2 protein chains.
Amino acid sequence: MESAPVKASCPDCRLSELCLPYGLHRDEVKQLAGIVKNQQLLQTDGVLYAQGGKSLHLYAVKSGSFRSFILNADGLEQTIGFYLPGEIMGLDALQHGRFSSSCVALETSSVCELPLSRLNSLCSEIPGLQMQMMRILGKEIASDHDKILLLGHRTARERIATFLLMLSRRFSALGFSNTVFNLSMRRQDIANFLGLTIETVSRQLAELSRQGIITVKQRVIHINDLAMLTLIVEPCANQQQATA
Amino acid sequence: MESAPVKASCPDCRLSELCLPYGLHRDEVKQLAGIVKNQQLLQTDGVLYAQGGKSLHLYAVKSGSFRSFILNADGLEQTIGFYLPGEIMGLDALQHGRFSSSCVALETSSVCELPLSRLNSLCSEIPGLQMQMMRILGKEIASDHDKILLLGHRTARERIATFLLMLSRRFSALGFSNTVFNLSMRRQDIANFLGLTIETVSRQLAELSRQGIITVKQRVIHINDLAMLTLIVEPCANQQQATA
DNA sequence: CGTGACTTTGATCAACTTCAAGCTACGTGG
DNA sequence: CCACGTAGCTTGAAGTTGATCAAAGTCACG
């Protein structure tokens with residue numbers, strides 16, 4: 001399916017502008033590439049790291065996608081987020097050196113390993129890298145806040161719409177289509193992420209489909225009316241548009 | 001009520017072990033204190049920073065408490081979190097240099113201002129400070145994940161119990177009682193934070209009170225049965241305890 | 001072609017919201 | 001010192017949304 005892991009090479013990686021090297025000079029990127037360990041390849045459901053485990057690395061998604069989740073006291077999962085190429089995983093372990101969540105591959109995927117100790121040293125040497133680390137951490141925090149917003153005060157319909165738009169934007173940033181994409185996660189994962197049941201997710205997707213806003217064919221989503229989907233997420237923008 | 005802002009002095013601050021100076025050597029703490037700007041004093045509802053505003057500082061709570069929230073597209077608030085003394089605010093602006101949330105004082109409160117530029121430089125010089133920054137950011141992320149967990153799959157009763165326990169632990173860490181404390185936030189803020197309505201919050205508090213688990217007198221909460229409150233949050237711990 | 005995982009659809013039910021009214025504490029001015 | 005007004009909180013009754021329970025449908029893969 002894929003050859004043995006190759007030595008990572010940030011300067012040649014097409015994701016470098018979305019990933020850790022963003023904003024660094026050419027020679028600094030090379031320095032960074034020097035500490036990146038060989039890529040690790042995972043099959044579907046392969047565990048990248050497990051809650052409670054010791055953290056020695058951060059991980060950058062090289063290809064494929066991942067799902068992170070927390071096991072609560074009852075042993076039930078709460079999906080915390082999905083990771084696409086260029087995104088950094090394992091940040092929640094920076095607090096105590098142990099992962100407070102688990103992370104599994106949703107499909108055949110690969111990651112670049114970033115040893116924390118060497119990354120920390122390099123941050124001291126390269127101010128731009130430290131800046132970028134801060135940006136990435138700030139982004140993770142801001143994105144978690146969006147999730148809190150999503151789960152706090154949104155209807156099932158709004159949650160689904162937000163979820164689809166969120167993916168649309170991220171695929172778009174990766175250079176893929178923002179209207180046609182393939183969900184790598186199961187309905188169960190979506191439901192769990194959105195704080196809903198699979199039945200509700202299924203019904204809401206069916207409803208959006210019935211209204212012609214999207215077309216659903218298994219895991220393939222086709223967004224027919226991006227504007228309408230946006231209106232669902234921002235009801236009051238409706239009025240604003242009416243006056244504009 | 002309080003005298004004019006005084007020059008911050010981390011080495012003498014009783015919060016230093018909970019705040020940014022944690023883990024630093026004596027002389028490093030002094031260096032840090034050197035960049036901390038004068039404290040800023042805010043009255044109830046005073047705005048520390050506003051969503052969209054440019055970020056030049058991080059803020060550490062010196063006294064009092066704060067509430068951060070996001071205004072969504074409809075103009076409705078979602079409370080993201082509450083901050084107690086020693087906690088760092090303004091981290092979500094690290095992404096783009098602009099605040100993605102607003103922050104207001106819940107009571108007469110004071111903060112220490114940490115200029116980002118000087119903090120960054122100092123991080124390069126003091127590895128321990130950079131470590132602590134990472135820890136603080138990791139903690140923020142982990143705590144946001146707990147909030148996602150809370151909002152995703154919890155009943156109203158479990159949310160209230162979790163909220164009370166969360167405050168109990170934080171007050172305890174500050175050296176205050178973990179069973180008797182004063183809520184600085186209104187019911188509206190609690191409801192909004194937990195993704196509920198004020199009526200539901202009121203009813204759940206009344207129910208817990210009726211069962212003798214807590215006593216509510218306006219904003220004063222008395223936890224009578226901490227173990228029972230914990231059981232509400234971790235239903236299956238019930239069974240585990242039964243076998244132990 | 002059959003098995004199992006995943007998904008969809010339908011009917012019923014419970015939890016939480018909404019709407020409405022009354023209560024409590026607190027501050028202000030007469 | 002007390003009447004009044006207001007903001008915040010509580011309580012009750014009715015209404016919705018999404019969960020739960022149950023069954024059938026679809027797809028992938030051996």
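Naming convention: chains lettered A, B, ... in sequence-line order (proteins, then strands); numbering from 1 in each chain. Everything numeric in this text was worked out from a predicted model, so none of it was measured.
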Any pair with a residue in [range] that passes salt bridge (charged side-chain N to carboxylate O under 4.0 Å, His left out), sequence neighbours left out, goes on the list, sorted by first then second residue, please.
range: residues 101-113 of chain B; value: B/K37-B/E113
range: residues 169-181 of chain A; value: A/E87-A/R170
range: residues 173-201 of chain A; value: A/R67-A/D189, A/R186-A/D189

Can you give each donor-acceptor pair under 3.5 Å made by side-chain atoms of residues 142-152 of chain A, sequence neighbours left out, with the distance rounded to 0.1 Å?
| residue | atom | partner | partner atom | Å |
| --- | --- | --- | --- | --- |
| A/D144 | OD2 | B/H145 | NE2 | 3.2 |
| A/H145 | NE2 | B/D144 | OD2 | 3.2 |
| A/K147 | NZ | A/I80 | O | 3.2 |

Exercise for the section: May I ask you to decide if A/G90's main-chain N or O and A/Y49's side chain share a donor-acceptor pair within less than 3.5 Å? Expected result: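 Yes, the answer is positive, given that a donor and an acceptor are paired below the 3.5 Å cut-off.
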Practice task
List in numerical order all residues of residues 148-164 of chain B for which some heavy atom is under 4.0 Å away from an atom belonging to DNA chain C.
Solution key: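 Here the set is B/T155, B/A156.
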Handout entry: Within residues 195-204 of chain B: residues closer than 4.0 Å to DNA chain D (heavy atoms)
Key =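 The answer is B/E199, B/S202, B/R203.
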Practice task
Identify, with sequence neighbours excluded, every residue that meets salt bridge (charged side-chain N to carboxylate O under 4.0 Å, His left out) alongside B/R154.
Solution key: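 So B/R154 forms a salt bridge (charged side-chain N to carboxylate O under 4.0 Å, His left out) with B/E158.
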Handout entry: Five-pair end axes of the helix from C/dC1-D/dG30 to C/dG30-D/dC1, angle between them (10°)
Key =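 Answer for the end axes of this duplex: 30°.
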Practice task
Hey, can you tell me if A/F176 and A/F171 have their rings parallel, tilted or perpendicular (30° and 60° cut-offs)?
Solution key: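 Perpendicular, since the angle between the ring planes exceeds 60°.
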Problem - Option passing side chain to side chain contact (heavy atoms under 4.5 Å, CB included) with B/S172 (candidates B/N178, B/T179, B/L167) - result: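 One option only clears the test, and that one is B/N178.
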Problem - Contact check, side chains of B/N182 and B/Q218, non-hydrogen atoms, under 4.5 Å - result: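 A side-chain contact is absent here, since even the closest heavy-atom pair is not under 4.5 Å.
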Handout entry: Residues that B/S168 engages under side-chain hydrogen bond (donor to acceptor under 3.5 Å, both in side chains), provided they are two or more places apart
Key =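 Partners of B/S168 by the side-chain hydrogen bond (donor to acceptor under 3.5 Å, both in side chains) criterion come out as none, since no residue qualifies.
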Problem - Residues which pass side-chain hydrogen bond (donor to acceptor under 3.5 Å, both in side chains) with A/T162, listed by chain and number, not counting sequence neighbours - result: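 Partners of A/T162 by the side-chain hydrogen bond (donor to acceptor under 3.5 Å, both in side chains) criterion come out as none, since no residue qualifies.
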Problem - Distance in angstrom units between B/N192 CG and C/dT17 P, rounded - result: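 Those two atoms, CG and P, are 12 Å apart.
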Practice task
Using atom CZ of B/R186 as one end and atom C1' of C/dT24 as the other, report the distance to the nearest whole Å.
Solution key: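 Rounding to the nearest Å, CZ of B/R186 and C1' of C/dT24 are 17 Å apart.
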Problem - Intermediate values then yes/no, side-chain hydrogen bond (donor to acceptor under 3.5 Å, both in side chains), A/T108 and A/Q43 - result: CA-CA 4 Å; A/T108 301; A/Q43 300 301 325; 3.2 Å; yes
Handout entry: First and last nucleotide of DNA chain D, 5' to 3', lying under 4.0 Å from heavy atoms of chain A
Key =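 Boundary nucleotides touching chain A, in 5' to 3' order, are D/dG18 to D/dC27.
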Practice task
Quick one: which residue pairs count as a ring-ring contact (aromatic ring centres under 6.0 Å, His included) with a foot in residues 184-215 of chain A, not counting sequence neighbours?
Solution key: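 Sorted pair list: A/F82-A/F193.
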